[in-house]
Amino acid sequence: QNTAGAAQVFRGEVESGLARMRDACERAAAADLPWIAARASINLSDVLVTVGRYEEAIEVVDAGMAVVERGGGARTLGAYLRGNRAEALVRAGRWDEALAALATEREAAGSWAAVILMARSELHLLSGRAAEARADVREARQYLRNTTEPQWALPLAAIEAELARGEGDLDGAHTILDRALAPLTAEQDPRYRWPVMSLAMRIEAERAIHARDEGADVPADVQSRAADLLRDADALPTATPSDDGHPDRKRTRLNSSHIT
């Protein structure tokens, strides 16, 4: 029910899909199935964040955490719930609360700890705390190693590319994102891919602008890379309002930098 509801949301049947997911959460909790209820809460809160319903996502997480704690999963599934809560708080503009929600609480090793570290690293980055962001993303890498799973690999690459960009290393940022995006097929993982593709286009635009400002030739691969990104954008599905905005942003950056 939970998975089917999520599929409905991403097909555009938002209200009926969310209702189905809520029902799955409630039924699992009523049946005293804490792990199933926790996973259902993780999925529902994640989808609510994706469609921009941040306060509802926070409410779902809070209810889910109570179930998780009763089931003894605070160090594992609880970390995913906390990560979703922090993401909702960040997007709602409540950054101080988000940072408090991401305080280390002896999460289990592996992806459980990595989800907290990645969320905190992104928040540090947004807040201008580059050193803290770098430390957290480095520790997350220790848990995830050289993962190729887009759920982890793409957000990690985005953080690392933004850190390189902040240091003025646009070519390094270009390389990081090119490496992360290269293994993906045309329509694979739009949820995690859209933000990274948008950042990649921003970096290509800035590479062109920087070269012109320095009186140098635009790097030879900028135009071809921009064309590849636009081609992939045309092939990639859009399922949410934030997805819909990415293709226009990419074309705006392309035009503003006069890459083509």
Side-chain angles (χ1 to χ4, degrees), residues 2-3 6 21 25 34-51 53-54 56-69 71-92 94-127 129 132-163 180 189-196 199 240 242:
N2 195 265
T3 303
M21 295 182 79
C25 287
W35 282 85
I36 294 175
R39 290 187 178 278
S41 296
I42 291 166
N43 291 341
L44 176 55
S45 58
D46 184 58
V47 169
L48 285 166
V49 170
T50 301
V51 298
R53 291 162 69 159
Y54 309 131
E56 292 175 59
I58 293 166
E59 291 173 5
V60 168
V61 168
D62 290 344
M65 282 300 297
V67 174
V68 165
E69 288 167 0
R75 297 181 62 236
T76 52
L77 293 178
Y80 281 162
L81 282 169
R82 287 172 55 216
N84 287 354
R85 190 177 198 278
E87 186 175 0
L89 288 166
V90 168
R91 295 194 185 189
R94 296 159 60 182
W95 290 14
D96 288 344
E97 291 176 70
L99 188 59
L102 294 169
T104 302
E105 291 186 4
R106 296 179 61 198
E107 291 78 23
S111 64
W112 316 110
V115 72
I116 297 297
L117 290 163
M118 286 173 59
R120 195 167 65 206
S121 179
E122 184 175 5
L123 181 53
H124 283 317
L125 186 63
L126 290 169
S127 303
R129 297 185 290 267
E132 291 89 338
R134 188 173 291 103
D136 278 344
V137 79
R138 187 182 299 119
E139 188 174 352
R141 276 284 185 200
Q142 291 174 357
Y143 288 119
L144 298 172
R145 303 292 178 180
N146 293 318
T147 181
T148 58
E149 175 58 41
Q151 178 183 359
W152 304 107
L154 292 180
L156 277 171
I159 295 168
E160 290 168 344
E162 283 283 24
L163 286 167
D189 291 288
R191 159 75 187 280
Y192 299 102
R193 191 171 175 182
W194 272 122
V196 177
L199 175 60
T240 68
S242 60

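No hydrogens, no waters, no symmetry mates; every other heavy atom, side chains included, goes into these values.
Shown here for Arg85 and Val61, the closest heavy-atom pair between the two residues is CB-CG1, 3.6 Å. Counting all heavy atoms, side chain and backbone alike, Arg141 lies closest to Ala157 at NH2-N, 4.5 Å. Between Glu105 and Glu107, the shortest heavy-atom distance links the atoms N-OE2, 3.0 Å. The two residues Arg91 and Glu87 come nearest to each other via the heavy atoms NH2-OE2, 2.7 Å. The heavy-atom pair separating Tyr192 from Pro195 by the smallest distance is O-CD, 3.6 Å. Closest approach of Gly110 to Tyr143, counting heavy atoms only: N-CD2, 3.3 Å.
Going from atom OG1 of Thr3 over to atom CG of Asn43 covers 6.5 Å, rounded to the nearest 0.5 Å. Taking CD1 of Ile58 as the start and CG of Leu81 as the end, the distance is 12.5 Å to the nearest 0.5 Å. A distance of 6.0 Å separates CH2 in Trp152 from CG in Leu144, rounded to the nearest 0.5 Å. Rounding to the nearest 0.5 Å places CG of Asn84 at 11.0 Å from CE of Met65. Between the CZ atom of Arg191 and the OG1 atom of Thr50 there is a distance of 3.5 Å, given to the nearest 0.5 Å. Atoms CG and CD1, on Leu199 and Ile159 in that order, are 11.0 Å from each other to the nearest 0.5 Å.
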query = Given Val60 and Met21, is the side-chain contact (heavy atoms from CB on, under 4.5 Å) satisfied, shown in steps?
reply = CA-CA 11 Å; Val60 168; Met21 295 182 79; over 6 Å; no
request  = Determine, step by step, whether Leu89 and Trp95 satisfy the side-chain contact (heavy atoms from CB on, under 4.5 Å) criterion, reporting the C-alpha distance in whole Å, the side-chain angles of both residues, the deciding distance to 0.1 Å, and the verdict.
outcome  = CA-CA 6 Å; Leu89 288 166; Trp95 290 14; over 6 Å; no
request  = Check the pair Val68 / Trp35 against side-chain contact (heavy atoms from CB on, under 4.5 Å), numbers first and verdict last.
outcome  = CA-CA 7 Å; Val68 165; Trp35 282 85; over 6 Å; no
task = Would you please test Val137 and Glu162 for side-chain contact (heavy atoms from CB on, under 4.5 Å) and show each step?
result = CA-CA 12 Å; Val137 79; Glu162 283 283 24; over 6 Å; no
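Arg75 contributes a side-chain N or O that, together with a main-chain N or O of Arg106, makes up a donor-acceptor pair within less than 3.5 Å. A donor-acceptor distance shorter than 3.5 angstrom exists from the side chain of Arg82 to the backbone of Ala101, with no hydrogens or angles considered.
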Under 3.5 Å, sequence neighbours excluded: what are the donor-acceptor pairs made by side chains of residues 114-125?
from   : atom 1 : to     : atom 2 : distance (Å)
Arg120 : NE     : Asp136 : OD2    : 2.8
Arg120 : NH1    : Leu102 : O      : 2.9
Arg120 : NH1    : Thr104 : OG1    : 3.1
Arg120 : NH2    : Asp136 : OD1    : 3.1
Ser121 : OG     : Ala133 : O      : 2.8
His124 : ND1    : Arg129 : NE     : 2.8
His124 : ND1    : Arg129 : NH2    : 3.3

